[in-house]
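Computed from heavy atoms alone, side chains included, the values below leave out hydrogens, waters and symmetry copies. From a predicted model like this one, the values you see are computed outputs, not experimental measurements.
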Amino acid sequence: MAGKRPALPLVLSASDLLDGDVVFHTGAGWDRSLSAALVATDEAGAQRLEAALAEVESGGPVAEPFLFTVTLDPSGAAVPNHYRERIRVCGPTVRHDFGPQAREELSHVSL
Amino acid sequence: MYRYDEFDERLVRERIAQFREMVRRRIDGSLTEEEFTLLRQMNGLYLQLHAYMLRVAIPYGTLSGRQMRQLALIADRYDRGYGHFTTRQNIQYNWPRLRDVPDMLELLADVEMQCIQTSGNCIRNVTADHFAGVAADEIEDPRPTAELIRQWSTLHPEFSFLPRKFKIAVTGSAVDRAAVAVHDIGLRIVADAKGRIGYRVTVGGGLGRTPMIGKPVREFLPREELLPYLEAILRVYNLEGRRDNKYKARVKILVHELGTEAFVARVEEEYARIDRGAVEVDAAEVARIAAYFAPPAFEALPARSEAFEKAARDPDFARFARTNLFPHKAPGYTALTVSLKPIGAPPGDATSDQMRVLADLAERFSADELRVTHVQNIVLPHVRLDDVPEVWAALVEAGLATANSGLVTDIISCPGMDYCKLATARSIPIAQEISRRFADPERERAIGPLGIKISGCINACGHHHVGAIGILGLDKAGVENYQITLGGEPGDLASLGERLGPGIDADEVPAAIERIVDVYLALRTDEAETFIDTVRRVGLDPFKPALQPQEPVRAAA
C-alpha cells in the first residue's frame with residue numbers, strides 16, 4: 001500500500017466488485033455492515049488488515065481497498081473519524097433512502 | 001437529429017461486446033483491477049464513493065423523446081429511478097451494478113446512444129450551445145460541427161491516450177452560451193468579410209486547480225480546414241503535453257509553459273506538415289451530416305399568441321414565461337427551459353417519471369427534440385407560443401415548472417461528496433440551503449440574473465471559477481470549509497472569479513451568500529445593473545465584510 005498508514009484504530013474498507021457497495025473486512029471476508037468490521041487496535045491487527053489489503057489490491061471480490069481511522073464509541077462500535085468516511089458508510093446525506101443508511105443499521109454514525 | 005449509419009451502429013455494438021467480455025474477465029479474475037479500471041473508464045464507468053457510476057454521452061446535449069424515454073427505462077430497470085444531468089450535457093446513473101452495465105449499454109445502443117469516451121484521457125463529449133438552431137443571432141447551427149468532431153475523435157487511434165482528458169465546445173452564435181473560453185479547445189463559428197464560414201479557435205482554456213481562459217490561436221480558420229487543424233493541435237499536445245504530473249497534464253499548462261506565441265508556432269509548423277487531404281472531410285460528407293440538423297418545418301405563425309397572452313394573466317404562468325422562455329428565430333415559437341432546480345432539491349436530478357413527461361412533451365410540442373444544458377437544465381427548443389400554457393400545465397403537474405432559469409436559485413452544483421470519490425466537501429446540501437434561502441420568487445426576480453456555481457473539490461466540475469458567485473468546498477483539518485469567489489463569467493466576457501477572503505464553515509455559507517447579495521442590491525445603480533456588472537464596477541472590497549458572521553441585514557426568508 002502506498003503512503004503512510006493512518007492512525008489506529010483502523011478498519012479496512014473497499015467497494016464490492018459486482019455492485020459497488022461499500023464493504024468492510026471482517027477478518028474472514030467482506031461484509032456490508034460496519035458493525036461486522038474487524039477493528040485493528042494494535043500493531044498486530046493493523047498488519048493483519050494490511051495483509052488483507054495487499055491480497056485484494058490487484059483483484060478479488062472487492063475493488064479499491066483502503067484503511068481508515070475510527071473511534072470506538074462507549075458501546076464499542078466503530079465510528080469513522082473523518083466526515084468523508086462517515087458519509088461513505090451511511091450513504092448520500094441528500095438521499096437518505098439510498099445507501100447503507102436505508103438499511104437503518106447505522107444509528108450510531110451521524111455527521 | 002443525427003441518425004447512426006451502419007458503421008456507427010456496428011462500432012457501438014462491437015464495443016459493447018468487447019466491454020461485456022472485459023467485465024466477464026474482471027469478474028473471473030483474468031483482469032486485475034488496474035487493468036480493468038482503464039478499460040471501464042473508456043466506457044464511461046466509474047467507481048464512486050458508494051457505488052459504480054455510469055456516464056452516458058449526450059452528444060452536444062441533443063436528444064429525442066425516444067432517447068429520453070429510454071434513459072427513464074434504464075433508470076428504473078438498472079438504477080434507482082432517477083438520473084443526474086451534468087455540466088457536460090451528459091447524464092449519470094449513480095447506482096448501476098457492474099454485471100448490468102453491458103445490458104445498460106445495449107439499451108442505450110437501441111436508441112443510438114453510448115458511453116464511449118465519457119471518461120479517460122481522450123477527447124470527451126463535444127458540447128455546444130443548448131439554443132443551437134433556435135437563437136436569432138446564430139451564424140450557423142454548431143451541432144454539425146460538433147457531430148463531425150465526434151465522428152473524427154471517436155476511437156481516434158492517435159488520440160486515445162492523451163496526457164489528460166480533452167474537452168471541445170462549439171458555439172455558433174454571437175453570444176456564447178457554451179463557455180468556449182474555458183474548454184481545451186473553444187470553437188466559435190464566425191463569418192469573414194466575404195461571408196465565408198469559419199472558426200475562431202481558442203486553446204488552453206479550462207477550470208480545475210489551474211483555471212485559465214483559452215488563448216486565441218486562429219482568428220479565422222476556414223471551415224474545410226477544421227479537422228486537419230484540430231489534428232495539428234492535438235498532435236502537438238499529445239507529443240509535448242506533460243505526462244509526469246497529472247495536475248500539469250492539460251493542454252492549458254502546455255500553452256502556459258510554452259507561451260501562446262510559441263505554442264501557436266508549434267501548431268502551425270505541425271499543420272504545415274500534415275497531409276490535409278487525408279484528414280479533410282469532403283463537402284458532401286459535411287452536407288450529409290448537416291442535413292440531419294435541418295430545422296423542423298416551422299409553421300408560419302404570427303409573432304404574438306392570443307392563447308399565450310391570455311394565460312399570462314395568471315401570475316405564476318407570467319413569472320415562468322418571463323424567466324424560462326428564450327426568443328426563437330421563428331415567429332410564434334419559443335425555446336422553453338425546464339428547470340431541474342426546484343427549490344431545495346439536488347440540482348440536475350430528474351426522476352424517471354419526469355424524464356417520461358419531458359419525452360412526451362418533446363414529442364407533442366417540440367419537434368421531438370430536447371436539449372441538456374451545461375447549467376443542468378433541459379430545454380424544449382421548438383415550442384409554439386400557443387402551446388406554452390399546455391406545456392406549462394404539464395410541467396407544473398410533474399414538479400418541473402420552477403420559474404428560475406438564470407436566477408439565483410438556478411445553481412450549478414457538482415455531485416460533491418454525497419456521491420463523488422474525489423470530492424473534498426459536499427456541494428448539493430449547500431446548493432439546497434441557498435435555494436431555500438432565496439425561495440421567494442419576487443425577491444429572486446428583484447435580484448435578477450445571478451449564476452451561483454458550486455464545486456466540491458478543486459477539479460471544479462461545478463464551474464465555480466466562472467460563477468458570478470463561486471463556492472469551492474475543501475477539507476480544512478477534517479472540517480468542510482468553503483471558499484467564496486466573486487466575478488466569474490463563462491460567456492463572452494469570460495473571467496475567473498477572485499477569492500473574497502478566507503474560507504468559511506458550511507453552515508455559514510447560505511447567510512454569507514445572502515449578505516453578498518444584499519451588498520449588491522444596495523450598491524447597484526439600478527435594476528438593469530446585474531450582479532456581475534456591479535462586481536466589475538465596484539470590485540471585491542465592498543463585499544468582503546459580508547463573509548464575516550453577523551446579525552442578518554434582513555429577517556430570514
Side-chain angles (χ1 to χ4, degrees), chain A residues 1-2 6-7 12-24 30 32-34 52-66 68-71 79-103 105-106 109-111, chain B residues 23 25-37 40 45-54 79-82 84 94-101 344-347 349 413 415-433 456 475 477-480 506:
Chain A
M1 184 191 158
L12 173 59
S13 183
S15 300
D16 182 82
L17 175 67
L18 293 181
D19 59 17
D21 277 359
V22 172
V23 291
F24 305 94
W30 298 87
R32 281 167 176 71
S33 177
L34 177 61
L53 185 152
E55 202 178 307
V56 293
E57 198 145 41
S58 63
V62 301
E64 303 189 359
F66 68 102
F68 65 88
T69 302
V70 296
T71 300
V79 179
N81 276 21
H82 195 276
Y83 61 86
R84 181 183 193 271
E85 294 350 305
R86 290 201 290 274
I87 292 171
R88 193 167 167 275
V89 304
C90 291
T93 65
V94 294
R95 290 298 299 256
H96 293 186
D97 45 343
F98 298 144
Q101 61 199 345
R103 300 198 298 265
E105 55 192 44
L106 285 153
V109 180
S110 71
L111 282 166
Chain B
V23 169
R25 294 180 66 208
R26 173 65 184 98
I27 291 172
D28 78 10
S30 315
L31 286 174
T32 67
E33 182 60 20
E34 193 182 354
E35 289 162 340
F36 181 65
T37 298
R40 68 166 160 75
L45 186 63
Y46 287 73
L47 184 51
Q48 288 287 22
L49 201 61
H50 310 290
Y52 285 101
M53 180 271 278
L54 183 67
D79 208 81
R80 305 280 173 93
Y82 75 108
H84 176 71
N94 288 316
W95 305 94
R97 294 182 303 178
L98 179 60
R99 212 188 281 277
D100 292 336
V101 174
D349 281 5
S413 168
M417 198 178 273
D418 282 300
Y419 292 98
C420 180
K421 192 171 66 179
L422 300 176
T424 44
R426 287 174 294 165
S427 308
I428 298 171
I430 301 291
Q432 289 175 301
E433 194 48 41
D475 174 351
V479 179
E480 290 167 293

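Residue A/Asp16 touches chain B through its backbone alone, counting heavy-atom pairs closer than 4.5 Å. If you measure heavy-atom distances from B/Val101 to chain A, you find no contacts under 4.5 Å at all. Residue A/Val62 touches chain B through its backbone alone, counting heavy-atom pairs closer than 4.5 Å. Contact of B/Pro415 with chain A is not made at all, since no heavy-atom distance falls under 4.5 Å. At a 4.5 Å heavy-atom cutoff, the contact between B/Gln432 and chain A is made by side-chain atoms alone.
The candidate from A/Ser58, A/Gly59, A/Pro61 with the greatest count of non-hydrogen atom pairs under 4.5 Å with chain B is A/Ser58. Comparing B/Leu47, B/Thr32, B/Asn94 by how many heavy-atom pairs each has under 4.5 Å with chain A, the most go to B/Leu47. Top candidate by heavy-atom pairs under 4.5 Å with chain B, chosen from A/Gly99, A/Gly91, A/Ala63, is A/Gly91.
When side chains are defined from C-beta on, B/His50 counts as touching A/Ile87, because their heavy atoms get closer than 4.5 Å. Looking at heavy atoms from C-beta onward, A/Leu18 lies out of side-chain contact with B/Arg97 at the 4.5 angstrom threshold. Side-chain contact check for B/Glu33 versus A/Leu17: some heavy-atom pair is nearer than 4.5 Å.
In this view, B/Glu433 and B/Arg436 satisfy the side chain to side chain donor-acceptor pair (under 3.5 Å) rule, not counting sequence neighbours. In this view, B/Asp475 satisfies the salt bridge (charged side-chain N to carboxylate O under 4.0 Å, His left out) rule with no residue, not counting sequence neighbours.
Relative to the ring axis of A/Tyr83, B/Arg426 does not place its NZ or CZ within 45° and under 6.0 Å from the centre.
Expressed to the nearest 0.5 Å, how far CD of B/Gln48 lies from CD of A/Glu64 amounts to 9.0 Å. Note that the CZ atom of A/Arg88 and the NZ atom of B/Lys421 stand 9.5 Å from one another [nearest 0.5 Å]. Remark: B/Trp95 CH2 to A/Arg95 CZ distance equals 9.0 Å, nearest 0.5 Å.
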Report task. Evaluate ring-ring contact (aromatic ring centres under 6.0 Å, His included) for A/Phe98 paired with B/Tyr82, printing each intermediate quantity in order. Result -> CA-CA 12 Å; A/Phe98 298 144; B/Tyr82 75 108; 5.5 Å; yes
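Of all non-hydrogen atoms in B/Tyr52 and A/Gly20, the two that sit nearest each other are CE1-N, 3.5 Å.
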